[in-house]
Amino acid sequence: IELREEWPKVWSQDETIGWVYQYFTPKEMREKARSESRAPRDSHELGFRNQFFTPRYVVEYLTDNTLGRVWYEMRKGDTNLKDSCKYLVRRPTEVFLNEGEPPTKDAAEDKNELSQEELIELPVYIPHRRKKDPRELKILDPACGSGHFLLYCFDLLQTIYEEAYADADLSPVLHKQYPTLEELRRHIPQLILAHNLHGIDIDLR
């Protein structure tokens with residue numbers, strides 16, 4: 001009975017389906033293929049020999065520092081993602097440059113003589129990144145498996161759409177199509193699936 005009560009918790013996790021797919025192919029089948037050939041011999045073999053589940057923390061680290069970082073730089077740090085993306089790499093001395101603004105001369109000085117502590121305290125100049133309508137952000141996972149990366153991207157994109165709706169530079173177009181935030185929220189899942197997330201996999205399963 002206790003095990004039966006645990007099953008709903010297991011299946012509610014994003015990772016569960018990944019574990020299922022990774023072990024869908026019998027171990028004996030993998031070993032046989034590897035013993036017969038060092039490299040996959042066709043697309044079918046390539047698929048089942050290279051199915052590896054990506055742990056959640058790896059998904060979060062890579063996504064936080066790609067999609068999350070792009071939006072963080074577009075908003076010059078003014079985003080809730082800096083708190084929710086726990087693996088987002090940031091420096092306390094980041095300086096966001098305006099469009100066309102070059103880094104100061106201090107940023108180009110020779111740093112070979114500085115200690116590690118002194119290097120950490122130096123300002124880090126972030127080049128200007130033009131803001132984009134969230135619908136222009138394209139995410140492709142070229143080996144998507146059961147979609148762990150895309151599922152986590154979906155979570156970040158929900159925040160991105162809502163922040164874009166409140167952004168003075170991006171909001172006019174969104175406000176015209178979605179007069180209220182509540183109406184936008186109802187359409188965010190549809191917008192994300194239609195415009196943002198793309199995944200392909202050699203194994204059609």
Side-chain angles (χ1 to χ4, degrees), residues 54-142 148-185 187-199:
T54 307
R56 177 72 177 193
Y57 77 93
V58 176
V59 169
E60 291 183 10
Y61 178 83
L62 292 174
T63 306
D64 288 354
N65 291 288
T66 50
L67 174 61
R69 182 73 197 187
V70 164
W71 186 249
Y72 172 79
E73 292 182 2
M74 284 182 183
R75 297 267 296 174
K76 299 188 184 303
D78 182 19
T79 171
N80 290 326
L81 294 185
K82 69 179 184 292
D83 300 316
S84 61
C85 293
K86 60 186 177 184
Y87 296 109
L88 178 63
V89 177
R90 294 184 292 146
R91 291 274 294 275
T93 55
E94 289 177 338
V95 177
F96 294 94
L97 300 174
N98 295 316
E99 188 172 8
E101 180 183 4
T104 64
K105 291 183 180 179
D106 292 339
E109 288 180 357
D110 183 19
K111 305 182 183 71
N112 293 332
E113 303 301 319
L114 300 178
S115 68
Q116 195 169 29
E117 289 76 17
E118 290 172 322
L119 285 170
I120 290 173
E121 292 176 1
L122 286 177
V124 178
Y125 294 93
I126 311 299
H128 174 76
R129 190 183 285 274
R130 180 181 66 84
K131 290 179 183 177
K132 289 184 178 181
D133 184 304
R135 289 167 289 191
E136 294 181 53
L137 300 175
K138 308 297 181 185
I139 296 96
L140 171 66
D141 186 344
H148 293 152
F149 281 96
L150 301 179
L151 284 167
Y152 185 56
C153 286
F154 188 101
D155 294 342
L156 270 57
L157 285 161
Q158 287 182 295
T159 298
I160 288 171
Y161 271 93
E162 291 196 21
E163 291 185 347
Y165 194 78
D167 188 293
D169 298 320
L170 300 172
S171 61
V173 175
L174 288 170
H175 279 224
K176 186 175 181 180
Q177 294 175 295
Y178 306 99
T180 66
L181 178 58
E182 192 56 41
E183 188 170 351
L184 173 71
R185 283 175 174 158
H187 286 85
I188 283 176
Q190 176 186 345
L191 289 168
I192 292 173
L193 294 177
H195 298 284
N196 305 114
L197 302 183
H198 307 273

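All of these numbers come straight from a predicted model, not from anything done at the bench.
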- What distance separates Leu81 CG from Asp64 CG, expressed to the nearest 0.5 Å? 8.0 Å
- Query: So, for Asp78 and Glu163, which heavy atoms are closest and what is the spacing to 0.1 Å?
  - Reply: O-OE1, 4.4 Å
- Task: Considering non-hydrogen atoms only, spot the tightest contact between His187 and Tyr178 and give its length.
- Result: CG-CE2, 3.6 Å
- Message: Around atom NZ of Lys138, are there more than 12 heavy atoms from other residues, nucleotides or ligands closer than 6.0 Å?
- Response: yes
- Task: Please round to the nearest 0.5 Å and tell me the distance separating atom CG of Leu62 and atom CG of Asp141.
- Result: 10.0 Å
- Item | Basic-acidic side-chain contact under 4.0 Å: Glu94, Arg69 | yes
- Using modelled atom types only, decide if a donor and an acceptor are shared between the side chain of Arg135 and the backbone of Leu191 within a distance under 3.5 Å. no
- Task: Verify, without hydrogens or angle tests, whether Thr66 (side chain) and Thr63 (backbone) share a donor-acceptor contact under 3.5 angstrom.
- Result: yes
- Residue pairs, two or more places apart or on separate chains, that pass ring pair (Phe, Tyr, Trp, His ring centres under 6.0 Å) and touch residues 150-177: Tyr165-His175
- Message: Any salt bridge linking Arg130 with Glu99? Criterion: basic side-chain nitrogen under 4.0 Å from a carboxylate oxygen.
- Response: no
- Residue Glu118 excluded, over 12 heavy atoms near CD under 6.0 Å: yes
- Is Lys82 atom NZ crowded by more than 12 heavy atoms from other residues, nucleotides or ligands, each under 6.0 Å away? yes
- Query: Should Leu157 and Leu197 be marked as a side-chain contact (heavy atoms from CB on, under 4.5 Å) after you check the CA-CA gap, both sets of side-chain angles, and the distance that decides it?
  - Reply: CA-CA 10 Å; Leu157 285 161; Leu197 302 183; 3.8 Å; yes
- What do the steps show when you test Glu60 against Lys86 for side-chain contact (heavy atoms from CB on, under 4.5 Å), and what is the final call? CA-CA 8 Å; Glu60 291 183 10; Lys86 60 186 177 184; 3.0 Å; yes
- Note on the structure: Heavy atoms of Ile139 and Cys153 approach each other most closely as CG2-SG, 3.7 Å
- With no hydrogens and no angle check, is any side-chain donor or acceptor of Thr93 less than 3.5 Å from a backbone partner on Leu122? yes
- Do the side chains of Ile160 and Leu67 get nearer than 4.5 Å, heavy atoms only? yes
- Query: Between CH2 of Trp71 and OG1 of Thr79, what distance do you get to the nearest 0.5 Å?
  - Reply: 7.5 Å
- Message: Are His148 and Arg56 packed together at the side-chain level, in the sense that at least one heavy-atom pair is separated by less than 4.5 angstrom?
- Response: no
- Item | Interatomic distance, Leu184 atom CG to Ile188 atom CD1 [nearest 0.5 angstrom] | 4.0 Å
- Query: Does Asn80 reach the side chain of Arg75, with side-chain heavy atoms less than 4.5 Å apart?
  - Reply: no
- Item | Approximate separation, where rounding is to 0.5 Å, of Ser171 OG and Leu181 CG | 11.5 Å
- Message: Please find the pair of heavy atoms, one from Asn196 and one from Pro134, that lie closest to each other, and give the distance.
- Response: ND2-O, 2.7 Å
- Item | Donor-acceptor pair, side chain of Lys76 and main chain of Leu97, under 3.5 angstrom | yes
- Just wondering, do Met74 and Leu170 contact through their side chains at under 4.5 Å, heavy atoms? no
- Task: Hey, could you give me the CG/OH distance between Asn65 and Tyr87, rounded to the nearest 0.5 Å?
- Result: 11.0 Å
